[in-house]
Amino acid sequence: MLNFVRGIPTKLYFGKGQICHLAESLDRYGKNVLLTYGGGSIKRSGLYDEVMNILAGHGFNVTELNGIDPNPRIESVEEGVRLCRENNIDVILAVGGGSTIDCSKVIAVGYYYEGDDLWDMVVKMNGPAKKALPLVDILTLSATGTEYDAPAVISNMKTNQKLGRMYIWPDVSICDPTYTFSVSAYQTAAGSADIMSHIFEGYFSRTEDSDLSDGIAETVLRSVMKNCPIALKEPDNYSARANLMNDSSIACSGIPEYGKQGTGWPCHAMEHELSAFYDITHGTGLAILTPRWMRFILAKDPSVTGRFAKFARNVMGLSGDDDAKLAAAGIDALEAYFRSTGLPMTLTELGIGMEHFEIMADHANDGSFLKDAYVPLTNEDIVEIYKACL
Ligand code: NZQ
Ligand code: ZN
């Protein structure tokens with residue numbers, strides 16, 4: 001097992017009714033709040049009114065930034081920074097999914113940025129940031145883990161770039177599973193695929209003896225595969241939504257990777273290019289890529305067969321003595337599972353063709369980044385994986 005540092009500064013309130021901690025969480029930073037949210041789901045669910053009543057009841061001054069898009073744009077960051085500066089904001093309150101919270105992390109850091117070009121800040125960001133406005137969030141979608149991690153991902157559609165960087169951990173995250181009852185079947189399935197991908201990106205590593213990390217990883221995968229289908233059938237099943245929310249926070253927190261060799265997170269590198277060029281849903285892109293990436297690396301480097309057989313046994317519940325057969329069957333079972341959740345499973349279904357594969361591979365492998373992946377990937381390998389997704 002390798003050395004690691006453990007330390008997640010976010011205070012996370014989990015469960016029904018935890019919004020009772022909202023006012024005290026904000027109050028310690030001041031009275032001027034920037035409330036950020038997306039395209040209106042929080043208005044339709046009633047959460048917006050609930051939040052505004054609490055803020056009004058405790059004398060907060062509220063400035064709003066709404067309309068943050070899925071795959072949040074640099075323009076929303078620019079607008080948020082401007083609003084913070086003009087209104088002497090003390091604390092940001094993000095209410096929504098990963099896009100709203102990510103955008104808010106970058107606003108919090110951008111507030112102190114002295115240059116003119118916030119996109120340049122994103123490109124050069126090498127966090128965690130030393131200085132930022134405090135961030136409190138209320139999570140409404142179980143997927144990214146941004147509520148309990150430091151990265152944020154921002155897109156520049158003019159340059160077809162989507163860049164993930166470390167910024168800040170939220171100071172406080174309020175995670176009430178009832179706020180996810182209104183998430184559509186499609187976003188529930190896509191978010192669940194994202195949670196699973198965060199686990200895969202660390203699980204398929206060269207370190208074989210980090211037992212606790214592997215055990216946590218396998219448990220999260222089994223939990224998602226049990227609870228996502230329940231949430232799809234019964235959107236207001238508290239237990240299913242609660243398990244997915246807990247899985248979300250742990251999966252991207254670093255905990256399932258402690259003690260393990262880094263992997264370069266290849267599926268995320270490849271997916272961010274799909275989102276950057278085609279603005280697709282992150283979890284959908286990952287569900288399409290993951291089984292194809294798995295088959296490709298298994299064929300390229302059979303030394304990974306044992307780990308795939310372990311995945312097949314411990315996660316997919318398969319048995320048998322032939323590791324090679326088991327490894328292949330585990331990947332097939334995973335693909336069948338993703339399909340059963342209703343997600344599109346080819347790029348063709350999303351209207352994506354081969355025209356940008358070379359440039360996307362070049363971006364995903366920027367600086368030969370994926371030469372240190374679990375199984376190293378060249379640009380040509382990445383193009384092959386994209387082609388297998390058509
Ligand atoms: O915009 P609104 O109206 O709120 O609707 C959203 C959006 O249309 C809707 N939604 C959210 N909560 C809802 C709801 N609809 C009904 N009821 C609710 N309770 O769902 C749609 C998708 O929302 P979004 O925030 O985009 O989804 P997600 O949480 O999956 O975030 C995706 C973004 O996070 C990045 C992704 O790349 C993508 O940009 N990621 C961030 C990571 C991180 N910070 O650590 C890691 C991830 O790997 C990922 O890259
Ligand atoms: Zn992800």
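Counting convention: from 1, in listed order, for ligands and their atoms alike. All values below come from the heavy atoms of this structure, side chains included, with hydrogens, waters and symmetry mates left out. From a predicted model like this one, the values you see are computed outputs, not experimental measurements.
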Which is closest to [atom] in terms of heavy atoms, [options]?
atom                    : options                       : value
atom 34 (O) of ligand 1 : Thr144, Leu47, Val183         : Thr144
atom 41 (C) of ligand 1 : Asp102, Asn71, Thr281, Thr146 : Asp102
atom 4 (O) of ligand 1  : Gly38, Ser41, Gly39           : Ser41
atom 8 (O) of ligand 1  : Ala190, Ala193, Pro70         : Pro70
atom 16 (C) of ligand 1 : Gly98, Ser99, Ser182          : Ser182

- Does His282 bring an N, O or S atom to under 2.8 Å of the Zn ion (ligand 2)?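 Coordinating: yes.
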
Residue, atom name and distance, where the atom is the protein heavy atom closest to [atom]:
atom                    : result
atom 12 (N) of ligand 1 : Thr140 OG1, 2.8 Å
atom 45 (O) of ligand 1 : Asp149 OD2, 2.6 Å
atom 50 (O) of ligand 1 : His272 NE2, 3.1 Å
atom 20 (O) of ligand 1 : Leu141 CD1, 3.4 Å
atom 30 (O) of ligand 1 : Ala143 CB, 3.7 Å

- Using the ring of each side chain (for Trp, its six-membered ring), is Tyr374 parallel, tilted or perpendicular to Phe308, with breaks at 30° and 60°?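 Ring orientation, 0 to 90° scale: tilted.
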
- Message: Angle at the Zn ion (ligand 2), OD1 of Asp194 to NE2 of His198, rounded to 10 degrees, please.
- Response: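 Vertex at the Zn ion (ligand 2): approximately 80°.
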
- Examine ligand 1 and decide if any of its atoms is less than 4.0 Å from a heavy atom belonging to Ser45.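 Contact absent.
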
Enumerate the atoms of ligand 1 whose separation from the nearest heavy atom of [X] is less than 4.0 angstrom.
X      : answer
Val153 : 40 (N), 41 (C), 50 (O)
Lys162 : 36 (C), 37 (O), 38 (C), 39 (O)
Pro72  : 39 (O)

- Item | Proximity of Tyr179 to ligand 1 by residue part, where a heavy atom lies under 4.0 Å |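 The answer is the backbone.
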
- Query: What atom name does the N, O or S atom of His268 nearest to the Zn ion (ligand 2) carry?
  - Reply: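 Restricting His268 to its N, O and S atoms, the minimum distance to the Zn ion (ligand 2) goes to NE2.
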
- Query: Salt bridge between Glu78 and Arg82, side-chain N to carboxylate O under 4.0 Å?
  - Reply: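 Not counted as a salt bridge, because no side-chain N and carboxylate O are separated by less than 4.0 Å.
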
- Query: Under 4.0 Å between a Lys/Arg side-chain N and an Asp/Glu carboxylate O for Asp279 and Lys162?
  - Reply: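 Not counted as a salt bridge, because no side-chain N and carboxylate O are separated by less than 4.0 Å.
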
- Query: What distance do Ile92 atom CD1 and Tyr29 atom OH have between them, rounded to the nearest 0.5 Å?
  - Reply: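 Here the interatomic distance stands at 12.0 Å.
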
- To the nearest 0.5 angstrom, please state how far the CD1 atom of Ile101 sits from the OG atom of Ser173.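 The OG atom of Ser173 is 6.0 Å from CD1 of Ile101, to the nearest 0.5 Å.
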
